[in-house]
Amino acid sequence: MIRVRFAPSPTGFPHVGNIRTAMFNWLFARRHGGKFIVRVEDTDQNRLVSGALDSILEALDWLGLQWDEGPNVEGPYGPYFQSQRLRHYESITDQLVKEDQAYYCYCTPERLTCMRKRQQSLKQPTGYDRHCLNLSSPEKDKMHGASKTRVIRFRMPNDRSIILEDLIGGKVSWDSNLLDDFVILKSDRYPTYHLANVVDDHLMEITHVLRAEEWLPSTPKHLMIYQALNWNAPLFGHMPMILGPDKSKLSKRHGATSALEYKEMGYLPEAMINFMALLGWSLDDHTEIFSQQDLVKGFSLDRVVKSAAIFNKEKLDWMNGLYIRSMDLDDLTVRLEDYWKEFPDQALSIPNNVSRDYLLKVVSLIQERLKLLSEAQELTGFFFLDDTDLEIMELIQKGMDAEVTFLALNVTLNELRAMDSFNVQNLEKCLLDINTQLKLSRKQFLGMLRIALTGKKISPPIFETMEVLGRDRCIRRLELARSWLS
Ligand code: GLU
């Protein structure tokens, strides 16, 4: 049974890199009928950020990456918060100390700083100098009672070659002589990441550790802990980094980095999943669009690449637009309504008396051009405004004056009143030669109409827009525009 885990530290927002890691774990579990576990690595008490875990879980929820065990989903290997598992780490460290594979260290932070500076000035590798390993028993006894900064260090065996067959990166090896005796239990009795991570991966029977490449340097330490405890290590796969377009590590400098910011900006979860899947993985050399089911069916670790992936926001925008266009009109409308409910700042103020039919028509007008759900507000707000609330600026087009504009509005009004049925075909037929009659360019005439009817320089196609607005509203808006001229 495959068991994988996503092990976030609740120290910040859900970075897209972390969420991509979670997603690859999820896909791998689903692909093989295994379990996807969320384990909260909250042992660094000084770095905890309140609300961070909720945001991380919300991001997973948003993307449909449901976990089988973890917060709010009890399972046989719980608790799933490391802060509630301290007894496991204590008993393991006791065992390691008893077996001389770990030892107490009483060095003060000041001594450690001095040591590091000395090593640096002598151009030696920095690392713990084993001062406390070499204390005599009476010295140890004396220090033990008095020390407030007592920690436990892992005793790194000498002269070992540590070898990893990484599922993604291939073979990597390290020389244990270059690794120091790192801390496994801190002075606050909490474990360090290294110890807790290994103990929990073992106790939770994790079979594959799929994590970001930045953890690769920690892996030899982990492998040595597994060896010291006589435990089989899981398989490891380190996923490629995600870089910004300038090839530096993806950061705030490149724009939004929290998955939830993408939610708020109006990206669809299915587009986000599709986009993130291609950050370091591909099905073949050409397929770009996948449903979640396709991804689950096609996901394999051998197609995760070693080289870094580039986060290309234009591609994400394109994909989001594509997903929006391929949606059923009703679905898109419901999505927009849910989105507006959740993010009222991005919402339209839609009066209560607006019919569903009107809303659907409005949405159908923008579906082709909408890239983000958030754009709907700007593109369609005028459909729902009171006529008198339209902001009319720059009604008079370049090369026209108030008099010609007045005249053009008048002629248009007459046509609209006389028209049989008020639809796109008739509007095109009746309005298209007005500009020639008045010796105006099409651009001038339509520009004027667009401003008078929508208050905007850019809108959905104007005749379609007029049909949806309806004859009465169009007449009222043109009359209002005209009244500002006289
Ligand atoms: N808590 C670590 C993190 O925040 C987990 C690393 C791992 O997966 O081993 O990414």
Side-chain angles (χ1 to χ4, degrees), residues 2-29 34-49 51-57 59-60 65 67 69-71 77 79-86 88-89 154 162 164 166-169 172 182-184 186 190-226 231 233-242 249-251 257-259 276 279-280 301 304:
I2 282 185
R3 290 176 56 82
V4 289
R5 78 331 186 250
F6 171 52
S9 303
T11 52
F13 58 85
H15 190 283
V16 283
N18 293 334
I19 300 301
R20 194 254 340 230
T21 297
M23 181 175 107
F24 280 20
N25 276 286
W26 181 88
L27 285 171
F28 189 67
K35 296 276 188 233
F36 172 58
I37 292 122
V38 172
R39 180 177 74 228
V40 183
E41 302 209 326
D42 55 352
T43 55
D44 195 343
Q45 294 289 300
N46 299 323
R47 291 182 56 226
L48 296 186
V49 170
L53 179 63
D54 288 343
S55 309
I56 293 166
L57 298 180
L60 298 182
L65 306 178
W67 53 102
E69 296 166 31
Y77 297 83
Y80 295 92
F81 287 77
Q82 289 188 327
S83 58
Q84 296 168 22
R85 304 173 57 81
L86 299 185
H88 292 296
Y89 317 126
F154 181 73
I162 309 167
L164 169 72
D166 193 271
L167 295 168
I168 295 163
V172 197
F182 57 93
V183 174
I184 52 177
K186 298 180 281 185
Y190 277 78
T192 56
Y193 155 70
H194 302 300
L195 181 80
N197 194 267
V198 167
V199 169
D200 287 344
D201 282 344
H202 174 75
L203 295 180
M204 294 181 179
E205 298 187 31
I206 299 302
T207 56
H208 296 70
V209 170
L210 307 176
R211 63 185 171 197
E213 196 180 275
E214 63 186 281
W215 300 105
L216 186 61
S218 300
T219 308
K221 298 180 181 171
H222 299 180
L223 290 172
M224 291 316 281
I225 303 178
Y226 281 106
W231 291 344
L235 299 172
F236 289 87
H238 288 88
M239 285 176 234
M241 303 240 288
I242 302 179
K249 197 173 170 202
L250 186 68
S251 70
T257 48
S258 155
M276 287 197 307
L279 291 175
L301 287 181
V304 177

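Start at 1 with the first residue, then count along the sequence. Indexing begins at 1, ligand by ligand and atom by atom, following the structure's order.
Considering each of E41, Q82, R39, the one bringing a non-hydrogen atom nearest atom 1 (N) of ligand 1 is E41.
Between the side chains of Y89 and D200, at least one donor-acceptor pair of N or O atoms lies under 3.5 Å. Under 3.5 Å, the side chains of Y193 and E41 contain no donor-acceptor pair of N or O atoms.
Residues I56 and G12 share a closest heavy-atom pair of CD1-O, 4.0 Å. The shortest non-hydrogen separation linking P217 to E213 is CD-O, 3.9 Å.
Residue F6 does not touch ligand 1, judged by heavy-atom distances below 4.0 Å.
Ranking protein heavy atoms by distance to atom 2 (C) of ligand 1, first place goes to A7 O, 3.3 Å. Annotation: atom 8 (O) of ligand 1 to nearest protein heavy atom, R5 NH1, 2.7 Å. Among all protein heavy atoms, the one lying closest to atom 4 (O) of ligand 1 is S9 OG, 3.2 Å.
Taking only nitrogen or oxygen atoms, main chain and side chain alike, N18 does not reach within less than 3.5 Å of ligand 1.
With Y77 as the aromatic partner, R3 meets the cation-pi criteria of under 6.0 angstrom to the ring centre and within 45 degrees of the ring axis. Geometric assessment of R20 against the ring of F24 yields a positive cation-pi assignment under the 6.0 Å and 45° thresholds.
Short contacts between ligand 1 and N197, defined as distances under 4.0 Å to a heavy atom of the residue, involve ligand atoms 7 (C), 9 (O).
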